[in-house]
Amino acid sequence: MAVHEIIRMGHPTLRQVAKQVDPAWIGSHEFDALIEDMQDTLNAAGGIGLAAPQINVPLQIAIVHLPGGEGRYGEIPEVPLTVFVNPEISVLDKTAAGCWEGCLSVPGLRGYVERPQHIRVDHLDEHAHERSFEAQGFLATVIQHELDHLAGRLYVDLIEDSRLLAYEREFVQFGLGESCNPSFVIR
Ligand code: ZN
């Protein structure tokens, strides 16, 4: 068990396309230790998702864990820890909605990003079983954000209007919005 340093925007690993995981490696002691370390790191940081490149491991692995209830992102659904290995994303409905996103690799900022709100992810789980995961709404946004890390993308790349980027403190202070439901849009 170990909490790793989360690398930040500017670190070249965050801009690489992560490598596919050899399915035969899944379930090995090293693989299990990596997943455990990712969980520990996510919990220590108080986040809801983490991609392996964020701890400087450029592999196609991401985890998502939404504790549910009221928190930093407003009212969110509960999603148990889910491990995505070699994920492939399909957009089931292109209808997009915006959320104020944050990122552990871009600390202190929030930015408004629009993404499709209905997706499916085909992936391997932590036992190398093939899985298909369907997500809507906020969860669809969270998963797309995490899987973008595996493609070397950060949410800030998707902000269409740079006026919709704010420091977290000011975001709260001036009530710029709530999670996926902005009460205030600077136009
Ligand atoms: Zn992120």
Side-chain angles (χ1 to χ4, degrees), residues 3-19 21 34-68 71-74 76-77 79-89 91 96-117 119 121 123 133 135-162 164-172 176-180 182:
V3 173
H4 287 245
E5 182 193 351
I6 295 174
I7 59 173
R8 309 199 306 173
M9 182 167 61
H11 193 300
T13 297
L14 291 173
R15 292 311 194 171
Q16 286 174 21
V17 177
K19 291 195 191 82
V21 172
L34 172 61
I35 299 297
E36 220 173 276
D37 286 359
M38 286 177 67
Q39 268 178 264
D40 292 343
T41 304
L42 180 64
N43 291 340
I48 54 180
L50 187 75
Q54 291 181 278
I55 56 166
N56 202 18
V57 175
L59 292 174
Q60 294 271 338
I61 303 171
I63 62 173
V64 168
H65 181 208
L66 273 62
R72 184 169 163 235
Y73 290 92
I76 56 173
V79 178
L81 182 88
T82 306
V83 178
F84 298 95
V85 181
N86 298 342
E88 273 183 43
I89 201 160
V91 173
C99 290
W100 285 89
E101 298 188 19
C103 180
L104 297 172
S105 293
V106 190
L109 290 173
R110 289 290 196 99
Y112 189 75
V113 173
E114 293 193 341
R115 301 182 188 265
Q117 295 294 289
I119 58 158
V121 184
H123 66 101
F133 190 100
Q136 297 194 51
F138 180 69
L139 181 58
T141 283
V142 170
I143 290 172
Q144 287 171 84
H145 174 119
E146 293 313 324
L147 301 194
D148 267 358
H149 280 297
L150 307 181
R153 276 193 300 272
L154 297 173
Y155 83 85
V156 290
D157 305 344
L158 302 176
I159 297 172
E160 285 187 4
D161 182 345
S162 57
L164 299 178
L165 178 64
Y167 287 102
E168 209 154 71
R169 200 176 76 197
E170 282 74 5
F171 174 82
V172 172
L176 299 186
E178 272 183 28
S179 183
C180 296

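Model, not experiment: these values are computed from the prediction. Just so it is clear, the values below take in all heavy atoms, side chains as well, and ignore hydrogens, waters and symmetry mates. Position 1 is the first residue of the sequence; numbering continues from there. One-based numbering, in listed order, for ligands and for the atoms of each.
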Check your understanding: If you draw a 6.0 Å radius around CZ in Arg8, do more than 12 non-hydrogen atoms from other residues or ligands fall strictly inside?
Key -> no

Point to revise | Any Val113 side-chain heavy atom under 4.5 Å of Cys99 side chain | key: no

Study note, to complete from the structure: Shortest non-hydrogen pair, Val91 vs Pro116, comes out as CG1-CB, 3.7 Å

Exercise for review: Using atom types as modelled and distance alone, determine if a side-chain donor or acceptor of Ser105 lies under 3.5 Å from a backbone N or O of Met9.
Suggested key: no

**Study point:** Partners passing side chain to side chain contact (heavy atoms under 4.5 Å, CB included) against Val3 (at least two apart in sequence or in another chain)
**Key:** Asp40, Thr41, Ala44

Practice item. Report the protein N/O/S neighbours of the Zn ion (ligand 1) that fall below 2.8 Å; do not count waters. Key: Cys103 SG, His145 NE2, His149 NE2

Point to revise | Within 6.0 angstrom of Glu170 CD, more than 12 heavy atoms from elsewhere | key: yes

